[in-house]
Visitor: 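Please find one structure pasted underneath; my questions will follow.
Here is how names work: the chains are called A, B, and so on, in the same order as the sequence lines, proteins then strands, and each is numbered from 1. Below, each value reflects all heavy atoms present in this structure, side chains not excepted, and no hydrogens, waters or symmetry copies.
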2 protein chains.
Amino acid sequence: MESNFGKILVVDDEQDIVEFINYNLKQAGYETATAYNGDEAIRKAEVFNPDLILLDIMMPEKDGLQTIQQLRRNPNLDNTIIIFLTALSDEKSEIEGLKLGADDYIAKPIKPELLLARLRTAMRRLKKDEEQGNKIVFGDLEINKYKFTVSYKGEEIILAKKEFELLNLLASKPGRVFLRNEILQKVWGTEVIVGDRTIDVHIRKIRQKLGIDVITTVKGVGYKFEME
Amino acid sequence: MESNFGKILVVDDEQDIVEFINYNLKQAGYETATAYNGDEAIRKAEVFNPDLILLDIMMPEKDGLQTIQQLRRNPNLDNTIIIFLTALSDEKSEIEGLKLGADDYIAKPIKPELLLARLRTAMRRLKKDEEQGNKIVFGDLEINKYKFTVSYKGEEIILAKKEFELLNLLASKPGRVFLRNEILQKVWGTEVIVGDRTIDVHIRKIRQKLGIDVITTVKGVGYKFEME
DNA sequence: TATTTTGCTTAACAATTTCGTAATGTTATT
DNA sequence: AATAACATTACGAAATTGTTAAGCAAAATA
């Protein structure tokens with residue numbers, strides 16, 4: 001069943017545990033998939049695209065630590081939450097795991113209420129991150145990477161790709177001056193070569209579309225973003 | 001025998017399995033019917049009107065995936081729960097199945113206790129679903145993940161599978177921009193390679209069928225779902 | 001089984017938007 | 001005032017998307 005609670009991938013080599021967890025998650029309304037080893041987990045994660053992965057830390061062949069490293073390499077799983085399942089004994093692994101990018105861990109034996117509580121929290125945070133974490137707010141001005149829009153006093157302003165990227169770069173560090181070279185590198189990349197006036201033209205369009213003065217010229221140096 | 005436990009249709013091409021499951025279900029107090037292939041399942045489902053269908057994913061001729069699509073189109077089977085029976089090996093089918101609206105799956109070989117436990121959960125959830133309805137609503141627009149249909153102001157609009165999956169993906173996170181690559185990965189999968197115009201054409205059909213502007217193009221980036 | 005219908009993809013072309021440049025005007029600094 | 005750096009404008013090429021029709025495979029129907 002597709003649900004709006006979220007999608008969870010359960011990974012453990014012990015079938016009983018997987019089924020036990022799976023049962024509880026389903027009942028709680030989550031959409032689930034399962035895997036019984038690291039490789040299977042990696043394959044399924046790509047297709048299933050879970051919001052969260054419950055990953056056993058101790059598995060034969062490829063263990064959880066190795067698995068998580070590979071999972072993290074997949075850009076699509078960037079903001080997938082990974083929670084480790086650990087036996088109480090392996091304390092070292094726990095710490096290792098968190099270092100490697102697990103967001104949390106849950107100790108076995110697993111108590112359903114605790115598990116679900118943790119998941120609810122994690123999911124709530126995920127939603128917040130996805131919707132708000134990708135946006136920068138300066139007073140009435142909002143730059144939303146998630147929606148790829150900019151809005152001023154609630155009005156949506158549509159910027160072209162380059163314009164958006166440029167504004168976004170400047171706004172990422174308000175007050176700081178970006179050299180023209182720097183801007184070229186970060187927005188256009190190292191390979192593309194464009195004339196110097198190109199930047200100006202885009203700056204102009206941004207200023208025009210926004211209607212407010214947030215980009216300041218620093219003559220002979222570059223540009224910076226500044227509110228007021 | 002009339003029973004208040006619920007009605008279950010068992011579908012598998014292997015007679016032994018059907019009889020084994022059937023025996024266990026009867027014993028547990030369920031009212032059952034059986035079918036040995038997809039077409040028979042579809043016919044019997046219409047007459048028998050089961051609360052739940054146990055459906056083998058691997059069958060000759062019409063397999064479980066095809067069968068489920070047809071079943072879901074039948075309005076009478078709106079909130080019939082479908083549970084897949086899978087051999088542990090067929091992972092792809094499993095995921096496809098979940099995408100297509102199976103509610104759960106049970107791995108063979110089947111253990112009666114596990115089967116019954118799952119059924120109890122599923123039946124309990126049935127009531128919940130009936131109350132909540134399995135759809136996402138945006139104003140006058142309703143996306144029903146069960147029936148694979150969309151309706152606008154009460155009018156039912158039938159989308160093809162790809163169209164539905166595409167709309168559903170975009171609508172799953174309203175406002176958020178999905179990159180073309182992302183769309184390809186999530187709707188078509190990592191293995192399938194299709195031309196770039198393919199997405200556009202599907203987007204076009206969705207826009208055409210819906211008649212309203214809910215999909216916004218973000219040039220050079222992707223598409224997003226937005227009401228108003 | 002034969003026939004019709006539907007769904008998916010592609011290719012070709014049209015329409016649109018974006019982007020970069022050149023030409024020219026403006027501003028700040030010396 | 002002279003000069004260098006930036007602003008503005010308009011235009012055309014390039015990139016991107018929209019649209020249509022057609023071919024093929026799969027599914028539905030008779």
Side-chain angles (χ1 to χ4, degrees), chain A residues 148-149 157-167 170 177-181 183-184 187-189 191-211 213-224, chain B residues 37-39 41-43 46 59-74 96 100 148-150 157-167 170 177-181 183-184 187-189 191-211 213-224:
Chain A
F148 215 86
T149 57
I157 298 157
I158 296 169
L159 298 184
K161 194 177 163 203
K162 280 268 144 61
E163 289 157 23
F164 185 87
E165 285 174 351
L166 180 47
L167 175 61
L170 298 180
V177 181
F178 286 84
L179 311 181
R180 293 178 92 90
N181 275 338
I183 294 174
L184 284 175
V187 176
W188 275 263
E191 296 139 37
V192 189
I193 297 166
V194 290
D196 234 28
R197 293 279 68 62
T198 302
I199 295 179
D200 309 20
V201 174
H202 283 288
I203 293 279
R204 162 96 213 310
K205 289 221 95 179
I206 295 170
R207 283 171 171 162
Q208 190 177 278
K209 284 186 179 175
L210 293 192
D213 227 19
V214 287
I215 297 175
T216 309
T217 306
V218 182
K219 218 164 169 158
V221 189
Y223 294 95
K224 66 180 169 180
Chain B
N37 59 63
D39 289 317
I42 290 163
R43 261 181 291 119
E46 278 175 20
M59 291 188 294
E61 297 176 39
K62 183 168 294 188
D63 71 13
L65 297 175
Q66 291 175 273
T67 307
I68 198 172
Q69 286 189 70
Q70 269 184 271
L71 287 169
R72 283 298 184 211
R73 291 258 162 87
N74 184 341
E96 270 302 311
L100 282 171
F148 258 69
T149 59
V150 174
I157 298 160
I158 296 170
L159 299 183
K161 189 177 153 214
K162 280 268 141 61
E163 289 158 23
F164 185 87
E165 283 183 6
L166 182 47
L167 176 62
L170 297 180
V177 179
F178 288 84
L179 311 181
R180 291 179 94 91
N181 275 338
I183 294 174
L184 284 176
V187 176
W188 276 264
E191 294 140 39
V192 188
I193 296 166
V194 290
D196 233 28
R197 292 277 69 59
T198 302
I199 295 179
D200 309 22
V201 173
H202 284 286
I203 293 276
R204 161 109 211 304
K205 292 219 94 181
I206 294 169
R207 284 172 170 160
Q208 193 174 276
K209 284 185 180 176
L210 294 192
D213 228 19
V214 287
I215 297 176
T216 309
T217 305
V218 182
K219 221 162 177 167
V221 186
Y223 293 95
K224 64 181 167 181

Visitor: Can you measure A:His202 atom NE2 to D:dT9 atom P for me and round it to whole angstrom units?
Guide: 16 Å

Visitor: Using whole Å, report how far CZ of A:Phe164 lies from P of C:dC19.
Guide: 13 Å

Visitor: Between A:Arg204 (CZ) and C:dT18 (P), how many Å, whole number?
Guide: 16 Å

Visitor: Rounding to an integer number of Å, can you tell me how far A:Asp196 CG sits from D:dA7 P?
Guide: 11 Å

Visitor: Could you state the atom-to-atom distance from CG of B:Asp200 to C1' of C:dA15 in whole Å?
Guide: 13 Å

Visitor: Taking the nucleotide of DNA chain C with the closest heavy atom to each, which residue, B:Ile199 or A:Ala160, is nearer the 5' end?
Guide: B:Ile199

Visitor: Grab the two heavy atoms, one from A:Ile158 and one from A:Lys209, that are nearest each other, plus how far apart they are.
Guide: O-NZ, 3.2 Å

Visitor: Say you draw a straight line from CZ of B:Arg204 to CD of B:Glu163; how long is it, rounded to the nearest 0.5 Å?
Guide: 11.0 Å

Visitor: Rounded to the nearest 0.5 Å, what's the gap from CZ on A:Phe164 to CD1 on A:Ile206? Could you check?
Guide: 10.5 Å

Visitor: Restricting to non-hydrogen atoms, name the atom on B:Leu71 and the atom on B:Ala41 that form the minimum distance, rounded to 0.1 Å.
Guide: CD2-O, 4.5 Å

Visitor: Could you give the angle between the helix axes at the two ends of the helix from C:dT1-D:dA30 to C:dT30-D:dA1, with five pairs per end, rounded to 10 degrees?
Guide: 30°

Visitor: Could you pull out all donor-acceptor pairs under 3.5 Å where a side-chain atom in residues 195-202 of chain A meets a protein atom, sequence neighbours excluded?
Guide:
{"unit_1": "A:Arg197", "atom_1": "NE", "unit_2": "A:Asp200", "atom_2": "OD2", "d": "3.0"}
{"unit_1": "A:Arg197", "atom_1": "NH2", "unit_2": "A:Asp200", "atom_2": "OD2", "d": "2.6"}
{"unit_1": "A:Thr198", "atom_1": "OG1", "unit_2": "A:Gly195", "atom_2": "O", "d": "3.2"}
{"unit_1": "A:Asp200", "atom_1": "OD1", "unit_2": "A:Arg180", "atom_2": "NH2", "d": "2.3"}

Visitor: How far apart are the C-alpha atoms of A:Ile183 and A:Trp188, what are their side-chain angles, what is the distance that settles it, and do they pass the side-chain contact (heavy atoms from CB on, under 4.5 Å) test?
Guide: CA-CA 8 Å; A:Ile183 294 174; A:Trp188 275 263; 4.2 Å; yes

Visitor: In whole angstroms, how far is the C1' atom of D:dG18 from the CD1 atom of B:Ile215?
Guide: 13 Å

Visitor: To the nearest 0.5 Å, what is the distance between CG (B:Leu159) and CD (B:Glu165)?
Guide: 11.5 Å

Visitor: Start at the 5' end of DNA chain C and walk down; is the nucleotide closest to B:Leu159 or to B:Ile193 reached first?
Guide: B:Leu159

Visitor: Would you mind telling me which of D:dG18, C:dG20, C:dC8 lies closest to the side-chain atoms of B:Arg207?
Guide: D:dG18

Visitor: Could you check B:Thr217 against A:Gln208 and say which one's nearest nucleotide on DNA chain D is further toward the 5' end?
Guide: A:Gln208

Visitor: To the nearest angstrom, how far is A:Lys205 atom NZ from D:dC11 atom P?
Guide: 14 Å

Visitor: Distance check: side-chain N/O of A:Trp188 vs OP1/OP2 of C:dC19, anything under 4.0 Å?
Guide: no

Visitor: Below 3.5 Å is the cut-off: list the nitrogen or oxygen pairs between protein and nucleotides 14-16 of chain D, distance only.
Guide:
{"unit_1": "D:dT16", "atom_1": "O3'", "unit_2": "B:Gly220", "atom_2": "N", "d": "3.3"}
{"unit_1": "D:dT16", "atom_1": "O2", "unit_2": "B:Lys219", "atom_2": "NZ", "d": "3.3"}

Visitor: Throw together a table of side-chain donor-acceptor distances under 3.5 angstrom for residues 216-223 of chain B, partners on residues two or more places apart or in other chains.
Guide:
{"unit_1": "B:Thr216", "atom_1": "OG1", "unit_2": "B:Glu226", "atom_2": "OE1", "d": "3.3"}
{"unit_1": "B:Thr217", "atom_1": "OG1", "unit_2": "B:Arg207", "atom_2": "NH2", "d": "2.9"}

Visitor: For a side chain to side chain contact (heavy atoms under 4.5 Å, CB included) with A:Leu167, tell me which candidate from A:Val187, A:Leu210, A:Ile157 qualifies.
Guide: A:Leu210

Visitor: Identify the heavy atoms of B:Ile203 and B:Leu170 that sit nearest to each other, and give their distance.
Guide: CD1-CD1, 4.2 Å

Visitor: Whole angstrom is fine here: how far is it from CZ in A:Phe148 over to P in C:dT18?
Guide: 11 Å

Visitor: Going 5' to 3' through nucleotides 21-30 of chain D, assign each nucleotide B (protein heavy atom under 4.0 Å from a base atom), S (under 4.0 Å only from sugar-phosphate atoms) or - (no protein heavy atom that close).
Guide: ------SS--

Visitor: Check salt bridge (charged side-chain N to carboxylate O under 4.0 Å, His left out) between A:Lys161 and all other residues, then give those that pass, not counting sequence neighbours.
Guide: none

Visitor: What is the nucleic acid contact for A:Tyr223, judged by heavy atoms within less than 4.0 Å: base, sugar-phosphate only, or nothing?
Guide: sugar-phosphate

